2 protein chains.
Amino acid sequence: MTIPSDPSGERISDAEHAVMEVLWDRSPRSAADVCEAICETRDWTIATVKTLLSRLVAKGALATEPEGRRFLYRPLIARSAYVGGESRRLVNRLFGGRAASLFAHLAQSEALTDQDLAEMEALLKELRQ
Amino acid sequence: MTIPSDPSGERISDAEHAVMEVLWDRSPRSAADVCEAICETRDWTIATVKTLLSRLVAKGALATEPEGRRFLYRPLIARSAYVGGESRRLVNRLFGGRAASLFAHLAQSEALTDQDLAEMEALLKELRQ
DNA sequence: TCGATAAGTCTACAGATGTAATCGAGAATC
DNA sequence: GATTCTCGATTACATCTGTAGACTTATCGA
């Protein structure tokens, strides 16, 4: 038996992440409630959702609280922490840790819309003054 | 038997990506040569490298050309294409496709250095004129 | 009270991944 | 020519992931 693991230690898979998004959007929610929100679009059954919820609890990403005869699930890690970790992972892996390189790449591959550029310009101005 | 698959179709795993980086850096190279470049740092044996090379060939990410009695490996997909795909995947998955959101996040989490900011400012100026 | 429900837990199973050992054939060496 | 060395190819095997069915138990309606 292993120790329950620190909250941000274990990797969250793609399918698990989809479940996390539902709970980040609103929580706590029951398994049925999560399925309600996601089973249709992902074409999952409630069984799949239950498995993913269990795995997330085991990974320390979710907490459960009893509500009547069932559980309500609630995120233990903040979305921003997850998103930040994933972003940094990508930047480290593909751009040697240089965020500007990622930016340059997106720019060159025309993945940036005019709106993106405008927003980032505004952000930059704010950051640099 | 399946068709060799289109060049950018199948996902490249983390370990496979490390091998790709070696070949993007310089190619073509033999398996032994790739191991030379990476086995120490990743603590792999030549056997592991060979497996990864084979899988990458099967995925259509690498081409082989015989050189004497062995093979030389060469990337079939450009690094920029791979990097672009991965970046876009992340932006879509975590930021609803909005690159500006990714930057806002990196900025807020202090993942951007002064140099990053300066470079991005320069790039932006270039892009918007 | 008794069966139908519904919740969580256990089990399942195929494919992907990480990490390698082993095998068979050709090349180099003695 | 026999032995050894080296390649790539084949096989192995544990873990993770996606996806879900089966099982157990408690509850709610009839």
Side-chain angles (χ1 to χ4, degrees), chain A residues 1-2 4-5 9-23 28-74 82 86 89 93, chain B residues 1-2 4-5 8-23 28-36 38-74 82 86 89 93:
Chain A
M1 157 125 33
T2 51
S5 80
E10 308 202 38
R11 296 272 307 132
I12 290 173
S13 76
D14 263 25
E16 287 162 0
H17 168 235
V19 168
M20 291 300 290
E21 288 291 349
V22 171
L23 288 164
R29 304 173 94 159
S30 68
D33 198 1
V34 170
C35 185
E36 186 77 26
I38 200 180
C39 280
E40 187 115 22
T41 45
R42 302 278 300 213
D43 198 32
W44 284 344
T45 70
I46 179 71
T48 299
V49 169
K50 285 180 183 178
T51 298
L52 294 172
L53 286 170
S54 298
R55 287 180 183 170
L56 285 166
V57 169
K59 286 181 182 180
L62 292 181
T64 56
E65 57 190 73
E67 191 252 15
R69 61 208 203 74
R70 63 193 172 161
F71 284 164
L72 296 184
Y73 298 85
R74 185 171 40 78
Y82 173 76
E86 290 296 299
R89 260 173 55 83
R93 199 165 64 92
Chain B
M1 160 132 27
T2 51
S5 81
S8 66
E10 309 201 38
R11 297 272 307 132
I12 289 173
S13 76
D14 262 26
E16 288 162 359
H17 168 236
V19 168
M20 291 299 291
E21 288 291 349
V22 171
L23 288 163
R29 304 173 95 158
S30 69
D33 197 1
V34 171
C35 184
E36 187 76 24
I38 200 181
C39 280
E40 188 115 21
T41 44
R42 302 278 301 212
D43 198 32
W44 284 345
T45 70
I46 179 71
T48 300
V49 170
K50 285 180 183 178
T51 298
L52 295 172
L53 286 170
S54 299
R55 287 179 183 169
L56 285 166
V57 169
K59 287 181 181 180
L62 291 181
T64 56
E65 57 189 72
E67 192 253 14
R69 61 208 202 73
R70 63 191 173 164
F71 284 163
L72 295 185
Y73 298 84
R74 186 172 40 78
Y82 173 74
E86 291 296 299
R89 261 174 55 84
R93 199 166 63 93

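The chains referred to below are lettered A, B, ... by the order of the sequence lines, with proteins before strands, and numbering in each begins at 1. All heavy atoms count here, side chains included; hydrogens, waters and symmetry mates do not. In this text, all values refer to a predicted model and were calculated from it rather than measured experimentally.
In this structure a side-chain-to-backbone donor-acceptor pair under 3.5 Å is present from B/R29 to B/V22.
Nearest heavy atom pair, residue A/I46 against residue A/C39, reads N-SG, 4.2 Å.
Here A/R89 pairs with nothing under the side-chain hydrogen bond (donor to acceptor under 3.5 Å, both in side chains) rule; sequence neighbours left out. In this view, A/F71 satisfies the ring-ring contact (aromatic ring centres under 6.0 Å, His included) rule with no residue, not counting sequence neighbours. Here B/E36 pairs with nothing under the side-chain hydrogen bond (donor to acceptor under 3.5 Å, both in side chains) rule; sequence neighbours left out.
The CG-P distance, from B/L72 to D/dC7, rounds to 12 Å in whole Å. Rounded to an integer number of Å, the gap from A/I46 CD1 to C/dA7 P is 7 Å. The nearest whole Å value for the distance from the CG atom in A/L56 to the P atom in D/dT17 is 10 Å. Rounded to whole Å, the distance from CZ on B/R70 to P on C/dA28 is 11 Å. B/L53 has its CG atom 13 Å from the C1' atom of D/dA9, to the nearest Å. Protein atom CZ of A/R11 is 19 Å distant from nucleotide atom P of C/dA16, rounded to whole Å. Note: CG (B/D33) to P (D/dC7) measures 11 Å, nearest angstrom. Across the protein-nucleic acid pair, B/K59 atom NZ and C/dA16 atom P stand 8 Å apart, rounded to whole Å.
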Response to the item:
Each nucleotide of nucleotides 23-30 of chain D classed B (base within 4.0 Å of a protein heavy atom), S (only sugar-phosphate) or -, in 5' to 3' order, makes ----S---

Fill in: Annotated protein contacts, base or backbone, on nucleotides 18-24 of chain C with a non-hydrogen cut-off under 4.0 Å, one of B, S, - each
BBBB---

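As judged by a 4.0 angstrom heavy-atom cut-off over every strand, A/A31 is placed among residues touching the sugar-phosphate backbone only.
Taking the side chain as every heavy atom from C-beta outward, B/Y73 and B/V34 never approach each other to under 4.5 Å. Proximity of A/H17 to A/E86: side-chain heavy atoms (C-beta onward) are nowhere separated by under 4.5 Å.
Atom CD1 of B/I38 and atom CD of B/E21 lie 9.0 Å apart (nearest 0.5 Å).
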Extract all donor-acceptor atom pairs below 3.5 Å that involve side chains of residues 48-57 of chain A and protein atoms in other chains or at least two apart in sequence.
| unit_1 | atom_1 | unit_2 | atom_2 | d |
| --- | --- | --- | --- | --- |
| A/T51 | OG1 | A/A47 | O | 3.2 |
| A/S54 | OG | A/K50 | O | 3.0 |

